[in-house]
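In what follows, chains carry the letters A, B, and so on, assigned in the order in which the sequence lines appear, proteins first and then strands, with residues in each chain numbered from 1.
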Amino acid sequence: MIKAITGTKDILPSEIPNWYNLEDVVKNIMNSFNYKEIRTPIFEETRLFSRGIGEATDIVSKEMYTFIDRSETSVTLKPEMTASVVRALLEHSLDKQFQLNKLFYISPMFRQERPQAGRFRQFHQFGAEALGSTSPALDAEMIILAYQILKKLGLSNFVVKINSLGIPSSRENYKNLLKEYLVDKKQNLSEESQKRYETNILRLFDSKDERDQKIMENAPLLIEHLDDESLEHFDEVKQMLLAAGIPFEVDPKLVRGLDYYTHTTFELVSGSVGSQSALCGGGRYDLLVNQLGERDVPGIGFAAGIERILLAMENEKVITEIKPQIDFYIVRLEKELNKKVFEIATKLRENNSVEFDYTQRSVKAQMREANRLGAKNVLIIGGEEFERGTAVLKNMEDGSQEEILLSEIK
RNA sequence: GUGGGUGUAGCUCAGUUGGUUAGAGCGCCUGGUUGUGGCCCAGGAGGCCGUGGGUUCAAGUCCCAUCUCUCACCCCA
């Protein structure tokens, strides 16, 4: 039997109501913050991602679905959305049409990782990007937006973590400080962390290795070495979150993996899913657009994992069971009336959801089916009523029946 | 890429120290009288026991390989 590719999943009809529900909540809240939806192609030229996300990142170096197409172009299924949104912004000069672009998306993403709880090779994200302003109000807005969506979906077991990475110059100074601190401790770090000492020293903070954690316990923190401007920006964000009544914790060790982040970074972390607990992550990226297009457009955004959120909703038991329902089920007494049933159904379907039996089942079986489909009413066609030009209309909730004229059905 | 677990009907699972025609619950189908649901009752369909080798008189049960799914590491949504 041919099966779906490892790490991919079919979303079956029984699960679709949950997806609709989530998408509706996302669209409504995005709308109330005045974010406009954008849809970009599912694949792009590979160099968009390698340049935008960073060659050294795990995403680019080992997780992308990349292939050469028939015209010898290297293309990649999108592993995240920010680079694509920025590309679209530049390609269509949206940044010149509007000083501020507030955009959101709901889209599948692709990363070739080993699947596990809350992680798939094709997965779905919704997210937002605000391009064109350095205002800390947008940093706060992003976090509030994500927070409200999760709340609206019924989730409560999650925390908001924020941090600031400052600007590149203060970050470089800090990195040197950190290297100094580690210079005599380096050989005691885990093998993985020793590599990271060279490639991305900030990541040492989120190592799960106990030895590493012990060593990093007393390390200087970036947040204590920010320049004044960055500190002020971060303070304003915190104040706005406080004013909005959003509970959050500053996590100086929150270092996000993508190269393009500056200033604020944040995560919404769930306690209801497995070890892949980040439901939502994002941050400010004031330098990315310039990297991709030689124009200075500051931006901030976040992405949220839909499968993870649905998993959290399931575990927190906030998924509302939606029972199937249709308006009418048409039961046919004599099979000679199949054509008549079809005709009535077609007419009724102009304004109602209608189903009938396509096989030749007994009346009992048809009634059972009507019940199973959650039919509000059953229309019984046939017998002496049909001779009289009428049909029996049965209300399935209270079981009452009445006779109605066939000519009046609509 | 590395490590642990798993694989028996559509679904959730049981199958004793290897031993006759492989079971349950749910679901599905049919029926319980002439044209009627949900409850109940009766009957029925449905399984190369993941796949390929091996051990044995005999394997769902033991061994090897392989694949799948799954959890964790790495990293991330």
Side-chain angles (χ1 to χ4, degrees), chain A residues 1-9 12 14 53 56-63 78-82 106-127 146 150 190-193 195-196 200 203 206-209 254-258 266-270 273-282 301-312 323 329-335 337 359 361-386 391-401:
Chain A
M1 185 170 40
I2 298 175
K3 299 201 286 188
I5 291 195
T6 298
T8 69
K9 281 242 182 315
L12 299 175
S14 59
I53 301 171
T57 60
D58 279 21
I59 291 181
V60 172
S61 64
K62 54 188 197 197
E63 295 170 2
K78 59 186 173 190
E80 61 114 49
M81 193 68 176
T82 305
I106 302 176
S107 172
M109 305 292 166
F110 306 84
R111 291 181 203 173
Q112 189 161 185
E113 298 178 87
R114 197 71 160 254
Q116 80 187 68
R119 170 189 289 163
F120 306 94
R121 289 186 172 178
Q122 174 174 349
F123 60 102
H124 299 76
Q125 292 184 331
F126 66 82
L150 297 192
S190 66
E191 198 182 324
E192 198 58 37
S193 287
K195 263 186 247 163
R196 248 179 257 142
N200 195 343
R203 314 293 323 249
D206 50 21
S207 170
K208 282 175 189 167
D209 188 292
L254 174 65
V255 179
R256 297 187 48 75
L258 280 34
F266 62 93
E267 274 184 11
L268 277 63
V269 181
S270 174
V273 295
S275 71
Q276 304 305 317
S277 56
L279 298 184
C280 173
F302 77 86
I306 295 182
E307 284 85 354
R308 284 185 191 176
I309 290 171
L310 290 174
L311 180 63
K323 288 185 195 144
Y329 190 92
I330 305 178
V331 167
R332 161 238 66 212
L333 300 183
E334 298 88 12
K335 63 182 177 190
L337 293 173
T359 56
R361 305 158 85 192
S362 67
V363 172
K364 187 191 184 92
Q366 292 178 72
M367 287 301 296
R368 254 203 269 268
E369 184 68 0
N371 187 60
R372 186 174 15 223
L373 296 178
K376 287 186 258 184
N377 302 287
V378 167
L379 197 57
I380 303 167
I381 310 291
E384 52 191 45
E385 289 91 341
F386 184 71
V392 172
L393 180 64
K394 174 164 185 165
N395 179 319
M396 292 293 274
E397 272 152 53
D398 59 21
S400 65
Q401 300 193 168

Just the rounded figure in Å: distance from P of B:C74 to CD1 of A:Ile59. 16 Å
For A:Gly382 versus A:Leu333, what's the shortest heavy-atom pair and its separation? C-CD1, 3.7 Å
Show each protein N/O and nucleotides 37-41 of chain B N/O combination with a separation under 3.5 Å, one pair to a line.
residue	atom	partner	partner atom	Å
B:G37	O2'	A:Asn371	ND2	3.4
B:G37	N7	A:Lys394	NZ	3.3
B:G37	N1	A:Met396	O	2.6
B:G37	N2	A:Asn371	OD1	3.0
B:G37	N2	A:Met396	O	2.9
B:G37	N3	A:Asn371	OD1	3.2
B:G38	O4'	A:Asn371	ND2	3.1

Is A:Glu113 touching bases, backbone alone, or none of the nucleic acid, heavy atoms closer than 4.0 Å? base
Counting N and O atoms only, with roles assigned by atom type, does the side chain of A:Gln276 sit under 3.5 Å from a partner on the main chain of A:Gln116, one being a donor and the other an acceptor? no
Indicate, with a heavy-atom threshold strictly under 4.0 Å, whether A:Gly382 touches base, sugar-phosphate, or nothing. nothing
Which residues satisfy the side-chain contact (heavy atoms from CB on, under 4.5 Å) test with A:Val392, sequence neighbours excluded? A:Ile380, A:Glu385, A:Gln401
Please measure how far the C1' atom in B:G7 lies from the corresponding atom in B:C69, and state the result in whole Å. 8 Å
C1' spacing across the pair B:U8 / B:G46, given as an integer number of angstrom: 14 Å
Specify the separation, in whole Å, of atom CD of A:Gln116 and atom C1' of B:U70. 10 Å
Identify whether any heavy atom of A:Gly118 sits under 4.0 Å from a base atom; if not, whether one sits that close to sugar-phosphate; answer base, sugar-phosphate or nothing. base
Grab the CZ-C1' distance between A:Phe266 and B:A77 for me, whole Å please. 12 Å
Of A:Thr57, A:Asp58, A:Ile59, the residue whose pairing with A:Pro79 passes side chain to side chain contact (heavy atoms under 4.5 Å, CB included): A:Ile59
Whole-Å gap separating C1' (B:C69) and CZ (A:Phe120): 12 Å
Provide the distance between the two P atoms, one in B:G38 and one in B:U30, to the nearest whole Å. 13 Å
Return no unless some side-chain N or O of A:Ser275 is found under 4.0 Å from OP1 or OP2 of B:C73. yes
Can you confirm whether A:Leu268 sits close enough to A:Phe302 that some side-chain heavy atom of one is under 4.5 Å from a side-chain heavy atom of the other? no
May I ask you to verify if any side-chain N or O of A:Lys335 is less than 4.0 angstrom from the OP1 or OP2 atom of B:G35? no
Nearest heavy atoms of A:Met81 and A:Lys78, plus distance in Å: SD-NZ, 3.5 Å
Can you measure A:Arg119 atom CZ to B:A72 atom C1' for me and round it to whole angstrom units? 10 Å
Protein heavy-atom contacts under 4.0 Å, written 5' to 3' over nucleotides 43-52 of chain B as B (base), S (sugar-phosphate only) or - (none), form the string ----------
Could you give the distance separating B:C41 and B:G5 at their P atoms, to the nearest angstrom? 43 Å
Of A:Gln276 and A:Ala117, the one whose nearest nucleotide on RNA chain B sits closer to the 5' end is A:Ala117
Partner residues of A:Arg368 under the salt bridge (charged side-chain N to carboxylate O under 4.0 Å, His left out) criterion, sequence neighbours left out: none
Using the salt bridge (charged side-chain N to carboxylate O under 4.0 Å, His left out) rule, collect all pairs that involve residues 106-116 of chain A, keeping only residues at least two apart or in two chains. A:Glu113-A:Arg119
Go through the structure and list residues passing salt bridge (charged side-chain N to carboxylate O under 4.0 Å, His left out) with A:Lys9, not counting sequence neighbours. none
Who passes salt bridge (charged side-chain N to carboxylate O under 4.0 Å, His left out) against A:Lys335, sequence neighbours left out? none
Pairwise C1' distance, B:G53 and B:U70 [rounded to whole Å]: 26 Å
Run the side-chain contact (heavy atoms from CB on, under 4.5 Å) test against A:Pro108 and tell me which residues pass, sequence neighbours left out. A:Ile42, A:Phe110, A:Gln122, A:His124
If a protein heavy atom is under 4.0 Å from the base, mark B; if only from the sugar-phosphate, S; if neither, -; do that for nucleotides 3-8 of chain B going 5' to 3'. B-----
Return the value, rounded to whole Å, for the distance between atom CZ of A:Arg121 and atom P of B:A77. 18 Å
I'd like the C1' distance from B:U2 over to B:U12, given in whole Å. 32 Å
In whole angstrom, give me the gap between the C1' atoms of B:U66 and B:U6. 15 Å
Assess whether one donor atom and one acceptor atom, taken from the side chain of A:Gln401 and the base of B:U36, lie less than 3.5 Å apart. yes
Mind calculating the distance between CG (A:Leu279) and C1' (B:A77) to the nearest angstrom? 8 Å
What is the separation between atom CG on A:Leu310 and atom C1' on B:A77, rounded to the nearest whole Å? 12 Å
Is there a donor and acceptor pair, one atom on the side chain of A:Glu385 and one on the base of B:G35, closer than 3.5 Å? yes
What's A:Val331 touching, base or sugar-phosphate or nothing? Going by heavy atoms closer than 4.0 Å. nothing
Sequence neighbours excluded, which residues qualify as side-chain contact (heavy atoms from CB on, under 4.5 Å) partners of A:Ala56? none
Using the C1' atom on both, measure B:C49 against B:A9 and round to a whole Å. 10 Å
Sorted by chain and number, sequence neighbours left out, side-chain contact (heavy atoms from CB on, under 4.5 Å) with A:Leu311 holds for A:Val273, A:Asn315
Is there side-chain contact between A:Ile5 and A:Arg121, with at least one heavy-atom pair below 4.5 Å? no
Would you please confirm or rule out a distance under 4.0 Å between OP1 or OP2 of B:C69 and any side-chain N or O of A:Thr6? yes
Just to be sure I follow the notation: if a pair is Watson-Crick (purine N1 to pyrimidine N3 plus N6-O4 or O6-N4) or a G-U wobble (N1-O2 and O6-N3), each under 3.5 Å, what dot-bracket string does RNA chain B give, with | for pairs to another strand? (((((.(..((((.....[...)))).(((((.......))))).....(((((..]....)))))).)))))....
Partner of A:Met396 under side chain to side chain contact (heavy atoms under 4.5 Å, CB included), picked from A:Asn377, A:Asn371, A:Leu373, is A:Asn371
